[in-house]
Protein chains: 2
Amino acid sequence: MKPGHHHHTEDCRAVSEVLSRVGDKWTVLVVQYLGSGPMRFSELKRTIGGISQKMLTTTLRGLERDGFVTRTVFPTIPPRVDYQLTELGQELLTPVTALGEWARMNILRIREARERFDETVV
Amino acid sequence: MKPGHHHHTEDCRAVSEVLSRVGDKWTVLVVQYLGSGPMRFSELKRTIGGISQKMLTTTLRGLERDGFVTRTVFPTIPPRVDYQLTELGQELLTPVTALGEWARMNILRIREARERFDETVV
DNA sequence: CGGGATCCTTGAAGATACTG
DNA sequence: CAGTATCTTCAAGGATCCCG
């Protein structure tokens with residue numbers, strides 16, 4: 001057993017754990033939008049577009065559970081609920097945005113590779 | 001329609017596209033291991049541990065399709081297949097590693113937040 | 001308005017067996 | 001050794017209805 005490999009694997013699992021949280025269908029979008037400031041439920045739903053209220057609820061609950069957002073309920077009628085990034089959420093934004101930048105800059109190369117691969121294989 | 005919001009959303013979709021590629025169960029692990037140099041199929045399977053050969057094949061095919069790894073077949077008996085990161089794959093490693101660093105450093109805060117949340121809710 | 005509860009459809013993932 | 005083929009399981013995601 002080579003030294004370091006144990007922690008190498010463990011770290012990778014931690015990465016996977018965070019990535020599978022962040023890498024689902026909607027989390028990044030939600031976090032990015034909340035990066036501009038607090039938003040309420042319906043505002044998020046409308047702005048994102050294409051997300052069901054169930055998935056938005058689920059996503060927000062997950063983010064709340066992991067300490068990335070806070071949920072504030074205003075006991076008015078009709079009710080109003082604000083979501084806002086915590087410090088941890090803000091900090092997450094940094095590496096995620098970096099990956100986002102990379103994605104923006106290289107998405108074309110990826111799509112080209114895909115087309116090439118699909119042509120060759122099919 | 002506020003200016004910039006269209007591209008904001010489009011960029012987020014690109015991020016999601018890359019993240020859902022990178023954020024699946026095994027991709028990061030595979031890419032990280034290949035970061036140290038080319039490896040053959042069985043070597044990856046053994047090193048990662050817990051991955052089925054079907055999932056390893058699927059993951060590697062996906063990475064190959066998107067231009068992140070190359071697949072080299074040696075026509076020997078028994079056959080030997082090497083996988084190796086492309087330039088694009090190497091470059092991907094940078095932001096992914098950054099996110100990994102962040103994950104390593106903050107995984108405890110996340111787990112703590114989870115425990116707190118689960119206690120409060122249950 | 002902001003959800004909860006329910007049902008349903010996919011696709012991801014794993015187990016197993018076989019093959020060039 | 002490095003896969004392919006097949007079957008099964010399971011959870012993510014979506015649609016719909018209801019409620020305080």
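Throughout, a chain's letter reflects where its sequence line sits, starting with A, and its residues are numbered from 1.
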Checklist entry - Under 4.0 Å between a side-chain N or O of A/R40 and OP1 or OP2 of C/dG2? => result yes
Checklist outcome for this item: The nucleotide from D/dG14, D/dG3, C/dG14 with an atom nearest the side chain of B/V81 is D/dG3
Checklist outcome for this item: In whole angstroms, the gap separating P of D/dG3 from CG of B/L44 amounts to 10 Å
Checklist entry - Starting at CG of A/D82 and ending at P of C/dC1, how long is that distance when rounded to a whole Å? => result 14 Å
Checklist entry - Are the charged groups of B/E101 and B/R104 less than 4.0 angstrom apart, N to O? => result yes
Checklist entry - Is any side-chain N or O of A/R46 closer than 4.0 Å to OP1 or OP2 of C/dC1? => result no
Checklist entry - Counting only side-chain N and O atoms of B/S42, is one of them less than 4.0 Å from OP1 or OP2 of D/dA2? => result yes
Next on the checklist: By nearest heavy atom, map A/Q53 and A/P78 onto DNA chain C; which one lands nearer the 5' end?
Outcome noted: A/P78
Next on the checklist: Mind checking if A/Y83 touches a base, just sugar-phosphate, or nothing, with heavy atoms under 4.0 Å?
Outcome noted: sugar-phosphate
Checklist entry - Roughly how many Å is it from CG in A/D24 to P in C/dA12, rounded to a whole number? => result 15 Å
Next on the checklist: Does any part of the side chain of A/K25, heavy atoms only, come nearer than 4.5 Å to the side chain of A/I51, both counted from C-beta?
Outcome noted: no
Item to check | Distance below 4.0 Å between B/R71 side-chain N/O and D/dG3 OP1 or OP2 | outcome: yes
Next on the checklist: Using a 4.0 Å heavy-atom cut-off, does A/K45 contact any base of the nucleic acid, only the sugar-phosphate backbone, or nothing at all?
Outcome noted: nothing
Checklist outcome for this item: Taken to the nearest whole Å, CD/B/E43 to P/D/dG3 is 13 Å
Checklist entry - In whole angstroms, how far is the P atom of C/dA12 from the CZ atom of B/R61? => result 16 Å
Checklist entry - Hey, are the side chains of A/I110 and B/F68 touching, using non-hydrogen atoms and a 4.5 Å cut-off? => result yes
Checklist entry - Do the non-hydrogen side-chain atoms of B/L44 and B/L60 ever get within less than 4.5 Å of each other? => result yes
Checklist outcome for this item: Taking every heavy atom of B/T27 against every heavy atom of B/R21, the minimum-distance pair comes out as OG1-O, 3.3 Å
Checklist entry - Among the nucleotides D/dG14, C/dG14, C/dG3, which one has an atom lying closest to any side-chain atom of A/K25? => result D/dG14
Next on the checklist: Rounding to an integer number of Å, can you tell me how far A/F41 CZ sits from D/dG20 C1'?
Outcome noted: 15 Å
Checklist entry - Can you find a donor-acceptor N/O pair under 3.5 angstrom joining the side chain of A/K54 to the base of D/dG13? => result yes
Next on the checklist: I need the CE-P distance between B/M55 and C/dA13, as an integer number of Å.
Outcome noted: 4 Å
Item to check | Gap between atoms CD1 and P, on A/I51 and C/dG3 respectively (whole Å) | outcome: 12 Å
